[in-house]
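Below is a structure I'd like to ask you about.
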Protein chains: 2
Amino acid sequence: MISSDIVVHIKSMPIFKNLPSHNMEQLASIAIDQHFRRGEIVFSEGDKGTGFYVVVSGRVKIFKLSFEGKEQILHFFGPGEPFGEVAIFEGWRFPAHAQCVNDTRIFFFPRDAFVDLLKRHPTLSLNMLAILSMRLRKFTHLVEDLSLKEVPGRLAAYLLYLRERNGGRSFFELDISKSQLASLLGTIPETVSRIFTKMNKQGIIHSDGRHIQILDAERLRCLSEEGERL
Amino acid sequence: MISSDIVVHIKSMPIFKNLPSHNMEQLASIAIDQHFRRGEIVFSEGDKGTGFYVVVSGRVKIFKLSFEGKEQILHFFGPGEPFGEVAIFEGWRFPAHAQCVNDTRIFFFPRDAFVDLLKRHPTLSLNMLAILSMRLRKFTHLVEDLSLKEVPGRLAAYLLYLRERNGGRSFFELDISKSQLASLLGTIPETVSRIFTKMNKQGIIHSDGRHIQILDAERLRCLSEEGERL
DNA sequence: CGTGGCCTTGATAAAGTTCAAGAGCCGTGG
DNA sequence: CCACGGCTCTTGAACTTTATCAAGGCCACG
């Protein structure tokens with residue numbers, strides 16, 4: 001007897017959208033319910049991947065580390081988002097680290113049972129293809145940012161993204177610490193701090209701790225899209 | 001009557017590996033044979049994608065441009081390699097530009113017919129998933145390089161990669177111009193040139209034009225993996 | 001033999017990182 | 001309730017890396 005709780009969660013996951021109900025139950029029967037504390041590692045770069053994960057609640061960050069310990073965050077994943085799929089289709093080893101940012105609940109789907117299901121359900125494959133495509137698109141953006149924009153431009157883009165994610169409201173909260181933000185933007189906390197200060201002084205934003213208010217969205221757009229200088 | 005030439009090429013493409021023969025013919029019947037001159041654009045960022053492409057011969061580069069015109073190359077694709085797939089599974093628009101580096105022959109596969117085939121052939125879906133996964137892995141590397149390594153480290157990594165690709169021989173040729181190499185490494189030709197000069201002076205490599213000989217592979221490894229300085 | 005492309009080299013400037021110090025904040029425990 | 005230690009964040013100054021600008025060399029091709 002499968003916990004109906006698990007089925008309910010699975011039904012709400014975009015990756016399993018449009019699947020017939022009995023498949024949801026199959027999935028529930030292979031899912032392994034896992035709980036992690038804030039800071040715990042789900043997997044490390046190079047680990048063998050024997051399946052993939054979907055976040056139920058909480059948040060996971062995927063990141064790379066340099067020799068000196070500098071961190072580059074590749075993604076944050078929240079409820080409903082899958083991660084670790086690359087290792088099941090190709091290469092077998094995880095290309096980066098995964099760590100829980102909060103206390104987090106995760107379903108783990110073992111590879112073989114899942115691939116079986118994929119073979120029998122084209123819908124599921126197409127969902128998966130769409131997810132990987134979306135991720136590729138995101139990476140394309142990240143590469144563009146890292147190589148073609150300077151840090152103020154990346155920060156500006158991120159603030160505009162946050163505004164969008166908050167329904168277009170110009171007043172919102174940072175959902176991550178500034179150090180994590182630095183790591184996401186491919187820089188260090190000091191640099192982020194200095195840029196925040198400058199943006200405040202120039203009246204582009206008003207920020208206090210994690211509270212951000214965008215005062216001059218047009219200016220942010222110029223910074224992010226046209227390489228304008230601070 | 002389908003040109004048997006097309007079928008032959010399709011059969012040799014990894015993406016269609018393990019497909020039954022009659023599907024190869026179906027594919028051949030929907031493939032559109034295209035020819036481009038060196039320098040021609042296949043598609044531009046933002047264009048609507050109505051299908052995807054596979055290189056038959058020649059070479060295509062996928063890249064992003066900054067406002068000031070700086071170029072970041074994301075991939076080079078050669079014979080047998082598909083590109084432009086992201087737009088058919090998600091988002092509809094190409095996230096980057098595609099341009100032919102040489103005179104190039106390409107097969108174009110229209111979206112709908114291809115998705116049809118995907119739905120009926122799990123093998124094809126799994127091939128596709130593997131390809132997208134490989135690409136994600138490559139991007140992970142690219143992001144790591146751009147954000148976590150300095151330019152000498154990236155160049156070192158690229159030289160070691162070239163050596164590997166040449167069956168481990170320490171003497172080989174650059175397959176792209178140094179300007180293109182700069183663009184691939186996320187920097188500018190001047191910087192690449194200076195680093196080559198330094199590596200030569202330090203006896204790490206011996207290079208003359210496009211001919212490269214690796215003299216101290218261990219040193220290259222340190223540069224690329226341990227952040228050692230030139 | 002001249003012209004255009006690509007590559008090299010040097011001087012200079014900008015952006016970002018490192019190092020170091022200190023401010024603000026919060027939960028714990030005396 | 002206050003003091004303490006441990007965070008994260010901020011700020012300043014020196015330094016490193018890389019980009020920019022400018023000039024000149026090399027070579028292939030017409």
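In what follows, chains carry the letters A, B, and so on, assigned in the order in which the sequence lines appear, proteins first and then strands, with residues in each chain numbered from 1.
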Item checked: is_close_aromatic(B:H141, B:Y161), centroid dist under 6.0 Å ->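 Ring centroids of B:H141 and B:Y161 are no less than 6.0 Å from each other.
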
Notebook entry, point to check: Where along residues 187-195 of chain B does a heavy atom fall under 4.0 Å from DNA chain C?
Noted result: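 Listed by number, they are B:E190, B:S193, B:R194.
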
Check: To the nearest Å, how far apart are B:L148 CG and D:dT17 P?
Finding: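 About 16 Å, once rounded to whole Å.
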
Next item on the list: Give the rounded distance in Å between these two atoms: CG of B:L146 and P of D:dA19.
Entry: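 The distance from CG of B:L146 to P of D:dA19 comes to 11 Å, rounded to the nearest Å.
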
Checklist line | Validation row, ring centre A:F108 to ring centre A:F43 under 6.0 Å | finding: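 No, too far apart.
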
Check: In whole Å, what is the span from the CD1 atom of A:I212 to the C1' atom of D:dC9?
Finding: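 Distance check: A:I212 CD1 to D:dC9 C1' gives 13 Å.
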
Check: Atom CD of A:E150 and atom C1' of C:dA14: how far apart are they, to the nearest Å?
Finding: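 Distance check: A:E150 CD to C:dA14 C1' gives 9 Å.
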
Notebook entry, point to check: Does any donor atom in the side chain of A:Q213 or A:S170 lie under 3.5 Å from an acceptor atom in the other side chain?
Noted result: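 Not at all, the side chains of A:Q213 and A:S170 share no donor-acceptor pair under 3.5 Å.
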
Check: Between B:A157 and B:K149, what is the shortest heavy-atom contact and its length?
Finding: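 Between these two residues, the closest heavy atoms are CB-NZ, 4.2 Å.
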
Next item on the list: Please report the C-alpha distance between B:L184 and B:F76 in whole Å, then the side-chain angles of each, then the deciding distance to 0.1 Å, and finally whether the side-chain contact (heavy atoms from CB on, under 4.5 Å) criterion is met.
Entry: CA-CA 9 Å; B:L184 188 66; B:F76 279 109; 4.2 Å; yes

Item checked: Nearest-nucleotide 5' precedence on DNA chain C, B:I176 against B:K201 ->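 On the 5' side of the pair lies B:I176.
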
Margin query: In this structure, how many angstroms lie between the P atom of C:dC25 and the NE2 atom of A:H211, rounded?
Written below: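 One finds 12 Å between P of C:dC25 and NE2 of A:H211, rounded.
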
Next item on the list: Work out which heavy atom in A:A31 is nearest to a heavy atom in A:F109; give both atom names and the distance.
Entry: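 In this case the closest contact between A:A31 and A:F109 is CB-CE2, 3.6 Å.
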
Check: Taking CZ from A:R210 and P from C:dC26, how many angstroms apart are they, rounded to a whole number?
Finding: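 Rounding to the nearest Å, CZ of A:R210 and P of C:dC26 are 11 Å apart.
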
Note to self: Does D:dC9 have OP1 or OP2 under 4.0 Å away from a side-chain N or O of A:S179?
What the structure shows: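 Looking at the OP1 and OP2 atoms of D:dC9, one of them is under 4.0 Å from a side-chain N or O of A:S179.
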
Notebook entry, point to check: Can you check whether A:K178 has a side-chain N or O nearer than 4.0 Å to OP1 or OP2 of D:dT10?
Noted result: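 Checking A:K178 against D:dT10: at least one side-chain N or O falls below 4.0 Å of OP1 or OP2.
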
Check: Which whole-number value in Å describes the distance from A:D208 CG to C:dG24 C1'?
Finding: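 A:D208 atom CG is separated from C:dG24 atom C1' by 11 Å.
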
Margin query: Is B:R229 close enough to D:dT17 that one of its side-chain N or O atoms is under 4.0 Å from OP1 or OP2 there?
Written below: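 Affirmative; the distance criterion is met.
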
Notebook entry, point to check: To the nearest Å, how far apart are B:L223 CG and D:dT17 C1'?
Noted result: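 The distance from CG of B:L223 to C1' of D:dT17 comes to 15 Å, rounded to the nearest Å.
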
Next item on the list: Determine, for B:F196 and B:K178, whether the Lys NZ or Arg CZ falls below 6.0 Å from the six-membered ring centre while staying within 45 degrees of the axis.
Entry: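 Here B:K178 passes the 6.0 Å and 45° test against B:F196.
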
